[in-house]
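A short worksheet on the structure shown next.
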2 protein chains.
Amino acid sequence: MSNAFNRPDQLSAKLRERILRESAELGYHGPNFAARSLRKGESGVVAVVLADSISYSLCDPVASQFLQGVAELLGENQKQLLLLSSAQDELQQSSAESLPDGFIFYGAPSGDIFERVKRSGKPIIAVDFETEDSESVNINNEQGAYMVASHALAKKPLNIAVLGLRLVESQRICRLTAQDMQVESKEISRSRLKGYMRACDELNLSLIPSQIWHIPVNTPDMAEIAAREALTLNPLPDLILCMSDVIALAALRVANDLDISIPEQIHVTGFDDIPEAQRSTPSLTTVCQQSSEKGRVATRLLLDKEHKDSVVLDTRLVIRASCD
Amino acid sequence: MSNAFNRPDQLSAKLRERILRESAELGYHGPNFAARSLRKGESGVVAVVLADSISYSLCDPVASQFLQGVAELLGENQKQLLLLSSAQDELQQSSAESLPDGFIFYGAPSGDIFERVKRSGKPIIAVDFETEDSESVNINNEQGAYMVASHALAKKPLNIAVLGLRLVESQRICRLTAQDMQVESKEISRSRLKGYMRACDELNLSLIPSQIWHIPVNTPDMAEIAAREALTLNPLPDLILCMSDVIALAALRVANDLDISIPEQIHVTGFDDIPEAQRSTPSLTTVCQQSSEKGRVATRLLLDKEHKDSVVLDTRLVIRASCD
DNA sequence: TTGAAAGCGATACCAT
DNA sequence: ATGGTATCGCTTTCAA
């Protein structure tokens with residue numbers, strides 16, 4: 001009789017239907033998930049552990065696209081998606097950590113959830129950060145930033161500003177100081193900054209700390225404030241390198257608001273290639289980092305027990321109107 | 001010793017630390033979720049069952065905002081978020097259905113997952129659709145559409161077009177026929193259409209079926225195609241009522257592309273009030289449906305065992321540049 | 001206070 | 001083929 005649930009193919013559809021109906025009347029509602037996964041030692045659930053809060057990640061276009069890619073492949077493989085966050089790493093959560101069969105860590109996690117999960121021995125894929133003993137999926141941030149900056153510098157800008165993301169610890173928007181430039185770090189933003197700097201070096205240009213903004217969170221509101229600061233400088237910059245498309249789009253809006261024409265007066269570049277970037281006016285020159293593909297690759301890596309190599313996805317320069 | 005995991009307050013922090021470390025060395029990684037939920041009969045997991053595929057929902061700004069609201073409240077209440085979809089309602093899934101303690105159905109589900117879950121007796125909140133024996137959270141679509149249409153009609157348009165969402169069954173973009181107008185339905189889009197029509201009636205205007213577009217999916221691509229059709233009509237419409245902001249934003253882009261000035265030549269209205277609506281140029285006159293609040297309300301309803309009433313959230317007219 | 005034992009529900013295995 | 005039984009790991013209860 002349990003065949004009716006577990007091996008639908010072994011019974012006639014009609015019989016199966018009758019059994020299901022009758023057992024439902026007896027108060028049986030299908031196999032119990034907890035019991036099954038306890039017994040089988042697996043759950044069919046995959047967790048994505050987000051570095052930021054779940055709410056935040058859901059409104060960030062880059063994270064959304066990543067999740068979209070993950071969800072797509074999980075669906076195809078009959079796996080369930082559990083969203084966790086290392087930011088709100090609480091008591092109850094630490095229990096749920098034992099449910100998933102595998103983990104995708106999106107962004108360097110805070111707290112000790114990563115350590116705990118690693119100890120459990122379950123498969124882990126690290127995305128957008130480096131780690132020792134797990135496979136990871138990364139993109140070449142430095143290279144992407146280098147490409148877009150090189151492209152932009154070919155326009156011979158005289159006054160460059162950078163709208164950067166999470167470059168220092170502060171929760172406030174601020175510009176960098178000379179000593180902020182010394183910091184060595186493998187963080188995404190730092191890699192992008194390095195890429196910008198390498199492109200500048202090649203042309204014997206250099207970035208001035210006071211022309212580099214730190215934006216603590218990748219939101220349109222924050223970005224607009226910083227962009228307004230940069231676009232009301234005197235003299236006006238003629239190139240703004242933005243470390244995300246959200247920031248670059250904010251810069252486009254502010255420029256429009258201030259009647260600064262793009263790309264005539266100022267060139268603007270972004271990073272990420274979010275869907276909005278190709279729809280904006282002007283459309284955005286940026287670096288495509290294939291977020292949803294990244295999600296698919298990470299999921300494939302997690303589910304395929306064969307493949308055992310970390311992946312570095314290519315970044316591609318996407319030239320559009322904002323810097324052409 | 002199990003106290004170390006379950007009642008951290010009863011032991012000194014130091015002892016707890018030592019116990020955890022030692023047991024970890026023995027190969028113990030914290031309480032087993034499956035065993036715990038099997039025994040306790042609850043999991044601490046809440047499922048959101050999306051009417052569309054998970055991937056699609058993640059890129060739809062309205063669904064994203066809703067999920068954001070849900071995630072926010074679940075986080076505060078130490079609940080885990082499991083994303084399901086009634087669209088890809090498969091075998092494996094039907095097992096996972098028994099895991100969550102409660103369900104939020106976002107949009108009228110397809111398949112029989114709703115029936116199955118209902119039979120399980122677990123709490124259910126229905127969002128954006130009507131159902132008999134569960135609490136629900138809805139908005140007044142008819143009223144919202146009526147308000148925005150009334151506002152727009154006050155501009156005395158002569159030639160009205162409607163860019164509608166999911167008005168008929170077709171997977172293709174098409175315009176309605178006279179008999180399509182007869183359909184009675186409680187679906188969201190039909191309610192919105194009714195609202196538009198009531199506003200028209202009051203002014204002795206009427207909508208012409210051939211000026212009403214059906215768009216099968218709420219994506220920028222689809223919307224742009226339909227918008228281009230509407231904006232290349234001769235004579236050009238001077239009011240475009242759009243059933244979503246995604247559609248309205250597409251209309252703004254197409255208009256810009258065709259050098260049609262808004263709001264001078266054409267007025268455009270949206271629906272939803274997604275974040276992008278206030279950032280667009282021109283900004284969008286629309287109906288705010290408080291998506292993230294909807295998510296919070298639904299979650300509160302699910303978690304608070306007290307409150308036992310369905311909720312209809314207000315819609316608010318938001319007047320911005322595209323129709324002012 | 002501490003420990004032992006029953007049982008949650010499904011499955012895998014062994015015996016019929 | 002079919003039925004019975006031990007077991008997964010935890011919590012709850014009851015006894016010492």
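Lettering of chains follows the sequences in order, A, B, ..., and the numbering in each one begins at 1.
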From CA spacing to verdict: side chain to side chain contact (heavy atoms under 4.5 Å, CB included), B/Glu135, B/Asp309: CA-CA 6 Å; B/Glu135 291 113 83; B/Asp309 278 317; over 6 Å; no

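Between the C1' atom of D/dC8 and the CG atom of A/Leu38 lies a distance of 4 Å, rounded to the nearest Å. Atom CD in B/Glu42 sits roughly 11 Å away from atom P in D/dT11 (whole-Å rounding). The nearest whole Å value for the distance from the CZ atom in A/Arg36 to the P atom in D/dC10 is 21 Å. Atom CG in A/Leu99 sits roughly 15 Å away from atom P in D/dG9 (whole-Å rounding).
Proximity of a side-chain donor or acceptor of B/Glu97 to a complementary backbone N or O of B/Ile113 within less than 3.5 Å is not detected.
Under 3.5 Å, the side chains of A/Asn32 and B/Ser98 contain no donor-acceptor pair of N or O atoms.
Sequence order on DNA chain C of the closest nucleotides to A/Lys40 and B/Arg39 puts B/Arg39 first from the 5' end.
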